[in-house]
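Reading through the structure tokens given below for one structure.
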Amino acid sequence: MIDKTYQPGDVEARIYETWEAAGAFRAGRPERAEAEPFSVVIPPPNVTGSLHMGHALNNTLQDILCRFERMRGKDVLWQPGTDHAGIATQMVVERQMQERQEPGRRDIGREKFLEKVWAWKAESGGTIINQLKRLGASCDWSRERFTMDEGLSRAVLKVFVQLYRDGLIYKDKRLVNWDPKLLTAISDLEVQQVECSGSLKWSRDGEEQPDPAALSQALTKTLARNPNGHLYYFDYPLAGVDYDPADPATFITVATTRPETMLGDTAVAVHPENERLGHLIGRAAVLPLVGRRIPIIGDDYADPEKGTGAVKITPAHDFNDFDVGKRHDLPQISILDIEGKLALSQNEAFLDGVATSDDLYETVALHGIDRFEARRTIVERMAAKGLLRKIEPTTHTVPYGDRSNVVIEPFLTDQWYVDAKTLAEGAMAAVRDGRTTFIPKNWEKTYFEWMENIQPWCISRQLWWGHQIPAWYGPDGRVFVAESEDEAVAEALAYYVTKETLTSEEAEAIARDAGRRAAFLTRDEDVLDTWFSSGLWPFSTLGWPDEAPELARFYPTSVLVTGFDIIFFWVARMMMLGLYFQKDVPFRDVYIHALVRDEKGAKMSKSKGNVIDPLALIEQYSADALRFTLAAMAAQGRDVKLATSRVEGYRNFGTKLWNAARFAEMNGCVTVPGFDPASVKETLNKWIAHEAQRASREITDAIVAYRFNDAANAAYRFVWNIYCDWYLELAKPVLMGPDSEAKAETQAMVAWARDEIVKLLHPFMPFITEELWRVTAEGAEPRESLLVLAQWPAHEGLDNEAAESEIGWVIDLVTEIRSVRAEMNVPPATLMPLALVRPSDAARERAARWTDVIKRLARVSEIESANAAPAGAVQLLVRGEEVSLPLKGVIDLAAEGARLDKEIGKADADIKRIDAKLGNADFVARAPEEVIEEQRERREEAVERRAKLVAALERLKGAA
RNA sequence: GGGUGGUUAGCUCAGUUGGUUAGAGCGCCUGCUUUACACGCAGGAUGUCGGGGGUUCGAGUCCCUCACCACCCACCA
């Protein structure tokens with residue numbers, strides 16, 4: 001007995017266990033050894049994260065593809081796993097330590113800290129996996145991987161060493177995006193540009209706010225809230241002359257949004273062709289507050305239109321200035337420490353060549369203050385010295401760290417880089433020649449755009465949680481890159497022996513002694529960017545660098561399903577690294593889905609508080625309802641704006657399906673083993689076979705084309721509007737009637753169609769369908785196999801236009817009668833006689849065959865034929881046949897007259913519109929023949945319809 | 001500054017290569033204990049397809065333009 005109500009909470013957990021126990025998701029099931037492989041790697045979620053709506057969408061779509069292909073008989077591998085998420089995870093653990101008021105990570109040291117992270121991973125790492133299971137994800141969990149697994153770590157080492165040896169990884173000292181809170185370099189992609197503007201206006205020469213005390217107060221107030229955007233104009237006195245604010249020949253004015261960096265200025269640049277300032281090129285200015293002589297140089301970078309036309313150059317704190325500095329061989333003076341505090345005392349570069357002075361002492365005394373505090377102080381001091389000319393509000397963008405949410409500092413450090421430009425060549429070619437295809441196609445443009453302008457990828461992070469860089473430094477600072485410390489030591493010893501820094505005896509002595517070996521080299525402290533290891537995901541998870549049969553069988557993977565937000569972070573890197581190390585693309589297709597947004601279209605974020613928790617929706621409406629909603633809304637190229645009313649609607653859909661199955665059971669509809677739907681005799685059954693085949697085709701085609709919404713809608717329509725609304729209703733008289741042969745066939749067919757439905761719906765709603773499959777028997781026996789492994793409907797030869805035509809007529813007739821009854825306010829209890837007016841033989845036969853159904857569904861008392869339409873009856877046209885409801889006395893004659901008038905009006909409008917088309921010589925001359933023919937037929941039909949309606953109206957008037 | 005997408009019913013959204021009278025869900029209105037289902041059944045109303053122009057026999061669909069809304073990339077002294 002099927003339960004009266006479906007309880008998703010109970011069923012879902014049980015069903016999932018059944019699948020796992022049966023090994024249903026395992027790749028390489030023996031019976032599929034010869035099957036075509038289908039593989040997908042999951043975008044690995046953060047190991048300590050939890051499921052958000054983006055995951056729900058992403059994994060629902062992958063699961064639909066995997067379940068679909070599994071049912072189509074393929075050997076499916078959905079490779080699951082998690083990412084160690086370097087920065088994110090380390091931050092979480094550090095925050096926990098802080099909350100518990102424990103000593104910081106630097107206090108306890110690397111080893112102890114990593115123990116804590118691993119402990120946290122052990123504690124929380126299962127959460128997201130369990131949540132994926134709640135969603136129904138059919139991953140092969142026996143193959144679950146983690147980016148810091150032993151195997152994946154070996155892949156990382158091998159890749160790093162190989163790329164280093166091939167000259168594609170190198171160490172370089174240049175400006176990086178430095179996060180002063182996390183104390184690490186980050187890549188360009190991890191920097192968010194935030195627009196900010198200011199409000200403070202002040203001018204030394206004007207009236208705006210001349211009082212220095214008031215200025216100081218305003219500055220304090222303004223700079224207290226960051227970000228802000230102000231342009232500060234400073235006079236830099238020229239060397240060799242006495243500064244006179246009234247005499248432009250004694251100074252050069254520069255404008256900056258970052259006053260504190262002036263301490264690191266090493267030049268002022270003007271455009272070589274600047275008419276106003278060009279003559280100053282070659283002279284020098286004296287850097288205020290410091291006393292350093294800095295040259296005035298000519299460089300195209302200085303735009304005469306911007307600022308004052310003269311720009312201060314701070315090579316160590318600005319990306320553009322860095323380039324200018326390189327061109328002019330300027331010193332790079334870093335004046336900040338890693339935390340963004342002024343680093344002035346003991347700063348040799350800063351003090352180099354600067355004569356001691358009171359100014360300098362005062363400035364160096366600022367050592368250790370924060371960069372924003374420094375900004376205020378510098379401005380105040382410049383103002384006090386009369387060198388601040390003015391302050392203007394401005395709007396500009398400020399770089400923020402996407403994790404730490406603090407202002408990022410361009411900072412001069414040694415870091416490891418990947419030569420992305422070289423690797424990008426192959427990755428672009430692979431998409432250009434179609435070895436990998438993006439769906440929707442337009443994302444390829446985004447991909448190319450970025451690839452063409454790709455910058456060196458900074459891969460080192462000053463973190464502890466991650467893959468430590470396999471680089472060791474010798475006593476002279478020389479770097480040795482190798483897959484293990486032993487190899488590095490061996491390499492280093494050999495090197496130093498050849499260089500005659502060591503004798504071979506010394507080298508051998510070191511090599512023999514483990515302690516000395518370990519002390520001989522120092523390992524690089526840094527770890528790799530998380531995306532470095534995720535970039536290897538499509539092959540590292542398949543067993544590389546070992547010889548793994550899975551790699552040969554499942555690489556390249558069939559499709560990658562992911563959001564557009566990580567095309568650069570992840571997709572591009574996998575393309576580059578996959579092509580380099582496997583000589584083939586990592587995936588054939590890349591399906592890019594949209595972001596899930598809230599109802600108003602805003603990106604969901606914790607800070608906005610508009611996050612909808614997928615688990616809460618699963619609790620409330622079932623995983624199936626959530627999945628179906630996401631699939632139905634996943635139209636290509638558009639964001640998914642999630643409304644919970646949709647989830648509720650699809651929960652109702654599940655209930656509808658459940659009840660339809662209960663109905664089938666109550667009427668003794670049981671799956672007949674070996675039943676052939678092509679053999680049925682009843683028109684109704686031929687019709688549902690025809691419709692089921694059509695639905696199956698639509699759904700299959702849509703999934704293959706990644707048109708998930710079309711697939712979901714086709715399934716929805718078939719189940720609700722075809723199977724439930726009509727097939728079951730039309731079958732009721734047969735199921736309750738006396739014809740045992742027809743009844744038996746129909747019972748079998750109801751069960752067959754239900755089974756088809758359950759299969760077609762399974763990729764979308766795996767739980768309820770599997771449960772229905774379980775509770776419905778096959779013949780006298782329970783089902784032998786699970787639905788998850790059942791065969792996808794793929795039948796041919798069930799098309800049946802004759803059945804479509806006949807059942808279509810019945811449906812139209814019933815619908816028309818219902819419509820008229822409602823319009824005429826005929827009470828449901830009133831049964832009406834129905835007359836076919838001069839029916840064709842076909843219509844008469846059909847009416848006879850469907851008498852019971854028509855009577856029941858249209859609430860008709862009897863059906864007869866008439867030579868003429870009776871007076872005062874309602875006239876209907878059903879597929880060209882005239883039908884009347886002779887209900888004089890019941891209907892409102894005036895209302896019927898109005899209805900007929902309206903119908904005639906419609907017919908007139910149709911005729912007029914078609915005539916306009918057919919009357920157009922150009923249309924007749926140029927439109928395709930079938931379009932014209934269609935219009936002619938339609939006109940004929942409309943004219944006939946009009947004539948009948950007019951006649952009916954005449955009769956109505958006669959009756960009145 | 002460069003780019004992408006969007007603007008269709010009260011709301012959330014479909015509408016593949018131009019071709020019937022533009023659709024769905026939710027909401028709304030009317031009626032219904034019709035023996036699976038009120039998480040239901042039956043019927044109904046609602047659109048200048050953002051504005052303007054163009055191409056075409058024919059435009060929600062293609063082109064131009066304007067407006068507004070998102071988002072991405074780059075950068076500004």
Side-chain angles (χ1 to χ4, degrees), chain A residues 2 4-6 188 193 231-233 254-258 269 301-303 305-313 318-321 394-397 442-443 445-446 449-450 453 564-565 567-568 594-595 597 599-603 621 625 629 632-633 635-646 648-667 705 707 709-710 713 716-717 724-725 728-729 732 736 814-815 818-823 825 827-829 856-857 859 906 909-910 913-914 917 920-928 930-932 934-935 938:
Chain A
I2 301 180
K4 187 159 166 48
T5 51
Y6 173 66
D188 300 346
Q193 299 295 335
L231 210 46
Y232 303 87
Y233 290 76
V254 296
T256 180
T257 54
R258 300 204 52 198
Y301 168 66
D303 183 342
E305 304 300 315
K306 283 185 183 166
T308 62
V311 57
K312 64 193 261 320
I313 300 298
D318 182 282
F319 288 98
N320 288 307
D321 292 5
T394 185
T395 300
H396 66 155
T397 53
N442 53 311
W443 288 110
K445 186 164 183 175
T446 306
E449 191 78 19
W450 189 70
N453 299 302
F564 65 82
D565 50 332
I567 291 178
F568 306 144
L595 250 45
R597 298 175 180 277
E599 280 175 272
K600 291 178 206 135
K603 196 168 170 172
Y621 297 112
T629 307
M633 301 192 74
Q636 287 181 10
R638 235 224 241 210
D639 289 341
V640 175
K641 284 190 212 162
L642 191 73
T644 50
S645 61
R646 290 294 289 262
E648 189 182 343
Y650 291 121
R651 184 273 316 266
N652 296 351
F653 176 58
T655 307
K656 183 77 181 175
L657 175 67
W658 187 260
N659 282 309
R662 282 181 61 226
F663 171 80
E665 185 186 57
M666 287 171 186
N667 284 281
R707 300 183 65 88
N709 58 322
D710 287 348
N713 287 330
Y716 186 93
R717 256 195 306 275
C724 291
D725 286 352
L728 293 185
E729 291 303 325
K732 276 177 185 175
M736 292 185 284
V814 169
T815 305
R818 280 172 171 171
S819 177
V820 167
R821 291 180 59 113
E823 218 168 320
N825 289 319
R856 177 192 160 84
L857 297 181
R859 307 201 62 73
K906 270 191 201 171
D910 284 353
R913 197 183 49 251
I914 297 166
K917 274 191 180 179
N920 183 334
D922 285 331
F923 175 72
V924 179
R926 301 188 197 198
E930 60 268 24
V931 173
I932 297 169
E934 201 183 340
Q935 293 295 326
R938 206 169 291 145

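By convention in this document, chain letters (A, B, ...) are assigned in the order of the sequence lines, proteins followed by strands, and residues within each chain are numbered from 1.
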Mind checking if Asp303(A) touches a base, just sugar-phosphate, or nothing, with heavy atoms under 4.0 Å? base
Can you tell if the side chain of Leu657(A) reaches within under 4.5 Å of the side chain of Tyr6(A), non-hydrogen atoms only? no
Expressed in whole Å, how much space separates the P atoms belonging to U7(B) and U16(B)? 12 Å
Where do Ala302(A) and Ala269(A) come nearest, in terms of heavy atoms and distance? CB-O, 3.6 Å
Proximity to the side chain of Arg646(A) - top-ranked nucleotide from G25(B), G15(B), C76(B): G25(B)
Which part of the nucleic acid, if any, lies within reach of Tyr301(A) when heavy atoms closer than 4.0 Å are counted: base, sugar-phosphate only, or nothing? base
Using the C1' atom on both, measure C76(B) against C66(B) and round to a whole Å. 28 Å
Between G3(B) and C11(B) - P atom distance, rounded Å: 33 Å
Both Asn320(A) and Phe568(A) contact RNA chain B. Which one's nearest nucleotide lies toward the 5' end? Phe568(A)
Euclidean distance, atom CH2 of residue Trp658(A) to atom P of G40(B) [Å, nearest integer]: 17 Å
Counting only distance, no hydrogens or angles, is the base of C39(B) paired donor-acceptor with the side chain of Arg651(A) under 3.5 Å? yes
Just the rounded figure in Å: distance from C1' of U55(B) to CZ of Phe923(A). 18 Å
Write out a two-atom table: protein N or O, nucleotide N or O from nucleotides 34-36 of chain B, distance below 3.5 Å.
| unit_1 | atom_1 | unit_2 | atom_2 | d |
| --- | --- | --- | --- | --- |
| U35(B) | O4 | Arg856(A) | NH1 | 3.4 |
| A36(B) | O2' | Asn659(A) | OD1 | 3.1 |
| A36(B) | O2' | Arg662(A) | NH1 | 2.9 |
| A36(B) | N6 | Cys724(A) | O | 3.4 |
| A36(B) | N6 | Glu729(A) | OE2 | 3.2 |
| A36(B) | N3 | Asn659(A) | O | 3.1 |
| A36(B) | N3 | Ala660(A) | N | 3.3 |

Ring centres of Tyr621(A) and Tyr650(A) under 6.0 Å apart? no
Measuring only the C1' atom in each nucleotide, how far is U21(B) from G5(B)? A whole number of Å is fine. 31 Å
Sorted by position of nearest nucleotide on RNA chain B, 5' first, the leading residue of Thr395(A) and Thr655(A) is Thr655(A)
Please report the distance separating the P of C39(B) from the corresponding atom of C28(B), rounded so that it comes out in whole Å. 14 Å
For the pair made of CZ in Phe653(A) and C1' in G25(B), what is the distance, rounded to whole Å? 12 Å
In whole angstrom, what separates Arg821(A)'s CZ from G31(B)'s C1'? 11 Å
Pairwise P distance for G15(B) and C75(B), with rounding to whole Å: 36 Å
Could you report the tightest heavy-atom contact between Ala927(A) and Ile932(A), atom names first, then the distance? O-CD1, 3.4 Å
Base, sugar-phosphate, or nothing for Thr815(A), non-hydrogen atoms under 4.0 angstrom? sugar-phosphate
Minimum heavy-atom separation for Ala660(A) to Leu728(A), with atom names? CB-CD1, 4.0 Å
Any donor-acceptor N/O pair under 3.5 Å between C26(B) base and Ser645(A) side chain: no
For Arg818(A), answer base if it contacts any base atom (sugar-phosphate contacts may also be present), sugar-phosphate if it contacts only those atoms, and nothing otherwise; contact means non-hydrogen atoms under 4.0 Å. sugar-phosphate
Of all the heavy-atom pairs spanning Thr256(A) and Lys312(A), show the shortest one and how long it is. CB-CD, 3.7 Å
Does a nitrogen or oxygen in the side chain of Asn652(A) sit under 4.0 Å from OP1 or OP2 of G40(B)? yes
Are any non-hydrogen side-chain atoms of Trp443(A) and Ile567(A) less than 4.5 angstrom apart? yes
Which whole-number value in Å describes the distance from Tyr621(A) OH to C26(B) C1'? 11 Å
Using atom CD1 of Ile313(A) as one end and atom P of C76(B) as the other, report the distance to the nearest whole Å. 11 Å
Do the charged groups of Arg662(A) and Glu665(A) touch, with an N to O distance under 4.0 Å? no
Aromatic rings Phe568(A) and Trp450(A): how do their planes relate, parallel, tilted or perpendicular, breaks at 30° and 60°? parallel
Consecutive-pair stems (3 or more, Watson-Crick or G-U, under 3.5 Å) for RNA chain B: B:1-7 with B:67-73, B:10-13 with B:23-26, B:28-32 with B:40-44, B:50-54 with B:62-66
Please give, in whole Å, the distance from U12(B) C1' to Met633(A) CE? 6 Å
Take atom P in A24(B) and the same atom in A9(B), then report the distance between them in whole Å. 14 Å
NA contact type, Tyr716(A), heavy-atom cut-off 4.0 Å: base, sugar-phosphate, or nothing? sugar-phosphate
Exam field: side chain Arg821(A) to backbone Arg859(A), donor-acceptor pair closer than 3.5 Å: yes
C32(B) and G50(B), which share atom name C1', separated by this distance in whole Å: 42 Å
Between CD of Gln935(A) and P of G19(B) the distance, given in whole Å, is 13 Å
Mind listing the N/O atom pairs, protein and nucleotides 1-4 of chain B, below 3.5 Å?
| unit_1 | atom_1 | unit_2 | atom_2 | d |
| --- | --- | --- | --- | --- |
| U4(B) | OP1 | Lys445(A) | NZ | 3.1 |

Nearest atoms (heavy-atom pairs only) where Leu857(A) meets Glu729(A): CD2-OE1, 3.9 Å
For residues Ala661(A) and Ile2(A), report the shortest heavy-atom separation together with the two atoms involved. O-CD1, 3.6 Å
Are any of Arg707(A)'s side-chain N or O atoms less than 4.0 Å away from OP1 or OP2 of G15(B)? yes
Between Asp321(A) and Tyr301(A), does the side chain to side chain contact (heavy atoms under 4.5 Å, CB included) criterion hold? Intermediate values first, please. CA-CA 9 Å; Asp321(A) 292 5; Tyr301(A) 168 66; 3.8 Å; yes
For Ala625(A), does its backbone N or O pair with a side-chain atom of Thr629(A) as donor and acceptor, under 3.5 Å? yes
